[in-house]
Amino acid sequence: MSTPAPLRILEWNVAVYRRVWRSSLLTSFLQPILYLLAMGLGVGALVNRNTGSGHILGGVSYIAFVAPGLLATTAMMVGAIESLWPVYDALKWGRQYEAMSATPLEPGDIVAAHALWMLFRTGIAAATVAAVMALFPDVRSLGLIAAVPAAMLSGIAFAMPLGAWAITRDREMSFPLIQRFVIVPLFLFGGAFFPLSQLPLLIRYIGYSTPLWHGVQLCRSLTNGTSLSALAALGHIGYLVIWALAGGLLMRRFAKRRLFA
Amino acid sequence: MSPEPLIHATGLRKQFGDFTAVDGIDFNVQPGEAFGFLGPNGAGKSSTMRMIGCTSPISGGTLRLFGLDPATHGRDIRRRLGVVPQLDSLDQELTVEENLIIYGRYFDLSRAEARRRAVELLDFVQLTDRAKSRVEPLSGGMKRRVTIARSLINEPDLLLLDEPTTGLDPQARHILWDRLYRLKQQGVTLVLTTHYMDEAEQLCDRLVVMDAGRIVAEGSPRQLIEQHATREVLELRFPAGTNADNEAYALGIGDRHEVLPDRILVYAHNGDEALAKAIGAGAKPESALVRRSTLEDVFLRLTGRTLVE
Ligand SMILES: Nc1ncnc2c1ncn2[C@@H]1O[C@H](COP(=O)(O)OP(=O)(O)OP(=O)(O)O)[C@@H](O)[C@H]1O
Ligand SMILES: [Mg+2]
């Protein structure tokens, strides 16, 4: 039995990753620890003192509110960053995609491999955050295990559309702009740090339309065990799946146009 | 009756928007042959190679490899090709060995088989001692040899080499030529592009000269030289800026001549005789050289331009 093509491509990703994972691991632990200490305990001490905040936050402490959001935002960051520069690199600098194109591999195999790799990378990142969260009594729960796949889904909802963008590019000038004007604002306004209901209507609806908000809602309800109707859960999942699928299909089309020109 | 050609192209065209990179070319490549595309920058060599490699759809004409149509059987054809692209596409971060094994996996070889072939091929390109080293620090010639080893991992029926030795020093080029010559002796069909006349003469049984997307001549290196040049060439160098004044000396001493910026070429059956005539007529060149004519002269004859500026 031969191994499916996308899995054989992953052997390349793994070979490259094996050389760098150690250095990236420390930061991926350190970052959530710092965030949870600063946001959860620092800001949280102020927020929890405010009567009424408990109601707005859905009856949980601030750290319990903020921490699950960090699962989704971290996965988003990893999915986005790993789909911009590395995709461009494999296209233009390292030419690994060109090498693959000369073999029996097809654009669909390359894109499927990218999706799987992004699931793996966002999975590692989310699991690291979950492990750190387990250190904080207020957020420690079995639901964390279920929240990891929800975070992965949020991650590839960004990874695939951005991978589709990256594979059309001739320069990487737009990448820092995407990071600064899309990813960072979403990080701040995607519902991870405060409920969107606090915001003016327009901004609120922009927030609701982004995949991140849906990922945050899923992660939060799974971690905190707060109620989420089956319909709402399906809605969140479906919305994220649509972004990932549409992005993947676009990326395949663009990869074909680019690699088989 | 010649056997069915491995590559059969008629009226082959490649268009990028309004720009025509390959403008209706016809050629056949027979099994076991070493076939070359010779031409200057922008002639359309790489565009042609990419169409043959089934990574670039044709814009017109017909193209068949192994009797198959790239438009419908690209994957089946690519399975049987080895490709050495113009620019190296090795993963610089990985080791030489890893590059080969991973590439072998793209062809669905088992890991054990890919490993076995990698060992064999690294021996073939004389890089066994570098198997475990990263690609990045290797010299240009070594990287080229790794790329050639990689292209052979699927035991291809047809090897496509786009400028295999461009940018390499003479010694590295000779090592590569030697390896390619061995492959040819083993019966591997080679299709290569080059800027270099000596490379085409060394490696190709038959070649086409391309210029601006068209084929301007076809034949064996010997045939092309016989048809489009003379047996010998006399190169006369006069003091800078006096070529035009001295052109008269080149008249009538050979079959024809060319005035280049830095020298005058006289095409003659016997170069020494032509030189004697020029000196007899009073020519005072700074230097004179008689050499056998090469494909470079063929190209100059066909296009009025030198090949490597
Ligand atoms: N993807 C592309 N889009 C637009 N134009 C292209 C593309 N690829 C090649 N060309 C143009 O087609 C022409 C032929 O290019 P090609 O790379 O085939 O030439 P070449 O003979 O391989 O040249 P070189 O010796 O420099 O490698 C050039 O003018 C080039 O600019
Ligand atoms: Mg070229």
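Reminder, nothing fancy here: chain letters follow the sequence lines and each chain counts from 1. Atom set for the values below is all heavy atoms of this structure, side chains included, hydrogens, waters and symmetry mates excluded.
- Counting all heavy atoms, side chain and backbone alike, B:Asp91 lies closest to A:Gln96 at OD2-NE2, 2.8 Å.
- By a heavy-atom distance cut of under 4.5 Å, B:Arg111 are the residues of residues 109-116 of chain B near chain A, going up by number.
- Looking only at side-chain heavy atoms (C-beta outward), B:Thr55 and A:Leu259 stay at 4.5 Å or farther from each other.
- Among the residues in residues 102-113 of chain A, those with a non-hydrogen atom closer than 4.5 angstrom to a non-hydrogen atom of chain B are A:Ala102, A:Thr103, A:Pro104, A:Leu105, A:Glu106, A:Asp109.
- Between B:Ile102 and A:Glu11, the shortest heavy-atom contact is CD1-O, 4.1 Å.
- For A:Tyr35, the OH atom counts as loosely surrounded, since its 6.0 Å shell holds 12 or fewer non-hydrogen atoms of other residues, nucleotides or ligands.
- Between B:Arg105 and A:Thr3, the shortest heavy-atom contact is NH2-OG1, 3.4 Å.
- No more than 12 heavy atoms of other residues, nucleotides or ligands sit less than 6.0 Å from atom CZ of B:Arg130.
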Test log, rule side-chain contact (heavy atoms from CB on, under 4.5 Å), inputs B:Tyr103 and A:Trp12: CA-CA 9 Å; B:Tyr103 200 73; A:Trp12 163 63; over 6 Å; no
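- Environment of CZ in B:Arg145: crowded, with over 12 heavy atoms of neighbouring residues, nucleotides or ligands closer than 6.0 Å.
- Few gaps surround CZ on B:Arg64; more than 12 heavy atoms of other groups in view lie less than 6.0 Å from it.
- For chain A, the nearby parts of B:Thr95 are the backbone and the side chain; heavy atoms of each come within less than 4.5 Å.
- Neither the backbone nor the side chain of B:Gln92 comes within contact range of chain A, judged by heavy atoms closer than 4.5 Å.
- Of the two parts of A:Arg19, only the side chain, counted from C-beta on, holds a non-hydrogen atom closer than 4.5 Å to a non-hydrogen atom of chain B.
- Here A:Ala15 is the residue among A:Ala15, A:Ala90, A:Ala5 with the most heavy-atom pairs under 4.5 Å with chain B.
- Within 6.0 Å of CH2 in A:Trp243 there are 12 or fewer heavy atoms belonging to other residues, nucleotides or ligands.
- More than 12 non-hydrogen atoms from other residues, nucleotides or ligands lie less than 6.0 angstrom from CZ of B:Phe16.
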Stepwise side-chain contact (heavy atoms from CB on, under 4.5 Å) check, B:Leu90 with A:Arg95: CA-CA 8 Å; B:Leu90 300 166; A:Arg95 299 180 164 269; over 6 Å; no
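- In this structure, the side chain to side chain contact (heavy atoms under 4.5 Å, CB included) partners of A:Pro176, at least two apart in sequence or on a different chain, are A:Trp85, A:Arg180.
- Considering every non-hydrogen atom in both B:Tyr106 and A:Met100, the closest pair reads OH-CE, 3.3 Å.
- Residue A:Lys256 qualifies as open at atom NZ: its count of foreign heavy atoms under 6.0 Å is 12 or below.
- Residues of residues 146-157 of chain A placed with any heavy atom under 4.5 Å of a heavy atom in chain B are absent; none qualify.
- No other option in B:Pro57, B:Gly82, B:Gly74 has as many heavy-atom pairs under 4.5 Å with chain A as B:Pro57.
- B:Asp88 touches chain A through its backbone: at least one of N, CA, C or O sits under 4.5 Å from a heavy atom, while the side chain does not.
- More than 12 heavy atoms of other residues, nucleotides or ligands shown are found within 6.0 angstrom of CZ on B:Arg75.
- Taking every heavy atom of both residues into account, B:Arg78 and A:Phe260 meet most closely at NH1-CE2, 3.6 Å.
- For B:Arg80, no part sits under 4.5 Å from any heavy atom of chain A, backbone or side chain.
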